[in-house]
Participant: 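The structure's right below; bear with me while I get my questions together.
Hydrogens, waters and symmetry mates play no part in the numbers below; they use all other heavy atoms, side chains included.
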Number of protein chains: 2
Amino acid sequence: MPNPRVVSLDKIKVACQNCTLSALCLPLGLKEADVEKLDQIVKRSRPIQRGEALFHIGDPFQNIYAVKTGSFKTFVQSADGGEQVLGFHLPGELIGLDAILDNQHGCSAKALETSSICKIPFLQLETLATQLPSLQHQVFRLMSGEISKDTNMLMLLGNRSADERLATFLLSLSRRLAQRGFSATEFNLSMSRHDIASYLGLAVETVSRLFTRMQQEGLLQVDRKFVRLLDMDRLDELCEKNPHCHGRQLLP
Amino acid sequence: MPNPRVVSLDKIKVACQNCTLSALCLPLGLKEADVEKLDQIVKRSRPIQRGEALFHIGDPFQNIYAVKTGSFKTFVQSADGGEQVLGFHLPGELIGLDAILDNQHGCSAKALETSSICKIPFLQLETLATQLPSLQHQVFRLMSGEISKDTNMLMLLGNRSADERLATFLLSLSRRLAQRGFSATEFNLSMSRHDIASYLGLAVETVSRLFTRMQQEGLLQVDRKFVRLLDMDRLDELCEKNPHCHGRQLLP
DNA sequence: CGTAGCTTTGAAGATTTTCAACCTTAGTGG
DNA sequence: CCACTAAGGTTGAAAATCTTCAAAGCTACG
């Protein structure tokens, strides 16, 4: 049995643990030697406690962040102190890519639980990307993926009923967690009902009622933060409904 | 009076007419010599007729497009043949940045009127960006801007009433047209009511009623495709409402 | 153990959608 | 040149979803 410490593959594994690889390189593209160079500019960071801010809206833009463990929400404050949640960020996902244009953050980011991140100085990343075409390509891809993600969200909010929104949200979480090796059917919601409601453009009460009803209908099981998806097929059906039909005939 | 043909600035102007500069370089950043190089990879294109497709969903990704004149919509087809509109693209704006990740287009694009575009081969743009750090930076900025744009849209759809959505939509058009030197208060809606409704996540009838009511209230004047914004202040107020109050008390 | 905060539940109210019909516009062909 | 047709737009009334308001239940944490 070979000692894993001596093979160069191990370096990739190390980088992966730092989430450098998982976030920036996972969709293939980077050579091993390049991963090493990338790893050198990534800053480690102490754990971030639940409720602690990663950055605030208006902060000067310097780093992008890759979630290593835990989860974050991004949001903007409304006039009366309320929050509009813009997104949730799970392990392996990036935060801060929207700040490049204005050179300052357009939203705030806060930890939903004790989390750890990798800090990537954007200027250094740019410089390195100039030297490594495959890295440049990778960053383009990542940003493109971010745009696609938002586009999908637009479709979700644009023309879908509350049921479809919640189902889509849960399946999105499921898929993203499964991608990281977590269970696709059982997980904890690190965000509050309030956060979910804000994100989906619904009232808190509506989200609460939906959870209750979906449980009664056997679609899922929910206990406080814990969720178990029971009928993935029917949940899928809810998501695939035609935007213009609102899927209202689906439920009794 | 100097002959504009001989000064090198003219090259920028030429590029600008091709929309290379306006889309890719306008937010400063590129040196004159670099603009010239960029201009060399941009392909001109014949006019595109109303209803003609720029690309279809699933098409292999090769170019990004900059709108020179006219306008486009991006959309996805739903199960029953309906459309979900994802965005409208005015002169100077880019189309196709969401296709990099999957290497194929995730939506279709169609001309809303007779339009012209610049075709930018993405592979060549990437290669050039490797050589020109300022161009690389510029592309990062553009993509970041695209993410911000979507984020704003999420906020719009997430928690706002129909009035606020339409007001925000109209002011967004106004601002973007003004940026290109068009009138900020009078313009033609190249898209149908159906497109607007789909984009804003509303029923066609609701959009129609809103136009009628806003006209009655003196906010604007509307005749078929033509719109004149009369009370920008009150329209602004509609947009700035707190997401959680829904601004419903604003209207009688 | 008690309080604060989050979640759930109920009923009333409101905005928006749906359904249906009518009107207008643009384009076509006799 | 006019009538005709199809598509898009407008309007009205009923239905429905979702929100708001109100209150109670539960959990967690000091």
Participant: Given atom CD of Glu83(A) and atom C1' of dG5(C), what is their separation to the nearest angstrom?
Facilitator: 14 Å
Participant: What nucleic acid atoms does Arg209(A) come within less than 4.0 Å of, heavy atoms only: base, sugar-phosphate, or nothing?
Facilitator: base
Participant: Determine whether the aromatic ring centres of residues Phe55(B) and Tyr65(B) are separated by less than 6.0 angstrom.
Facilitator: yes
Participant: Please determine, for the side chain of Arg193(A), which listed nucleotide (dC18(D), dT16(C), dT7(C)) has the closest atom?
Facilitator: dT7(C)
Participant: Between Cys239(B) and Ala167(B), what is the shortest heavy-atom contact and its length?
Facilitator: SG-C, 3.7 Å
Participant: Return the nearest nucleotide to the side chain of Thr206(A); candidates are dC21(D), dT16(C), dT19(D).
Facilitator: dT19(D)
Participant: Using only atom types and a distance under 3.5 Å, with no angle test, would you say the side chain of Thr185(B) pairs donor to acceptor with the backbone of Leu230(B)?
Facilitator: no
Participant: Check the distance between dG9(D)'s C1' and Met191(B)'s CE and give it to me in whole angstrom.
Facilitator: 16 Å
Participant: Strictly distance-based, threshold 3.5 Å: is any side-chain N or O of Arg224(B) a donor or acceptor partner for the main-chain N or O of Val222(B)?
Facilitator: no
Participant: Assign Ser192(B) to base, sugar-phosphate, or nothing according to its heavy-atom contacts below 4.0 angstrom with the strands shown.
Facilitator: sugar-phosphate
Participant: Given atom CD of Gln215(B) and atom C1' of dT10(D), what is their separation to the nearest angstrom?
Facilitator: 12 Å
Participant: Could you tell me the separation between the CE atom of Met214(B) and the P atom of dT10(D), rounded to a whole number of Å?
Facilitator: 14 Å
Participant: Can you check the Leu200(B) CG to dT17(C) C1' distance for me, whole Å?
Facilitator: 15 Å
Participant: Can you check the Asn188(B) CG to dT25(C) P distance for me, whole Å?
Facilitator: 15 Å
Participant: Can you check whether Phe187(B) and Phe182(B) have ring centres sitting under 6.0 Å from each other?
Facilitator: no
Participant: Nearest nucleotide by nearest heavy atom, which residue falls closer to the 5' end of DNA chain D, Arg224(A) or Lys225(B)?
Facilitator: Lys225(B)
Participant: Give the rounded distance in Å between these two atoms: CG of Leu189(B) and P of dG9(D).
Facilitator: 10 Å
Participant: Identify, between Val207(A) and Val207(B), the residue whose nearest nucleotide on DNA chain D lies closer to the 5' end.
Facilitator: Val207(B)
Participant: Where the side chain of Glu205(B) is defined as all heavy atoms beyond and including C-beta, which of dT7(C), dT16(C), dA20(C) is the nearest nucleotide?
Facilitator: dA20(C)
Participant: Round to a whole Å and report the spacing from CG of Asp163(B) to P of dT19(D).
Facilitator: 16 Å
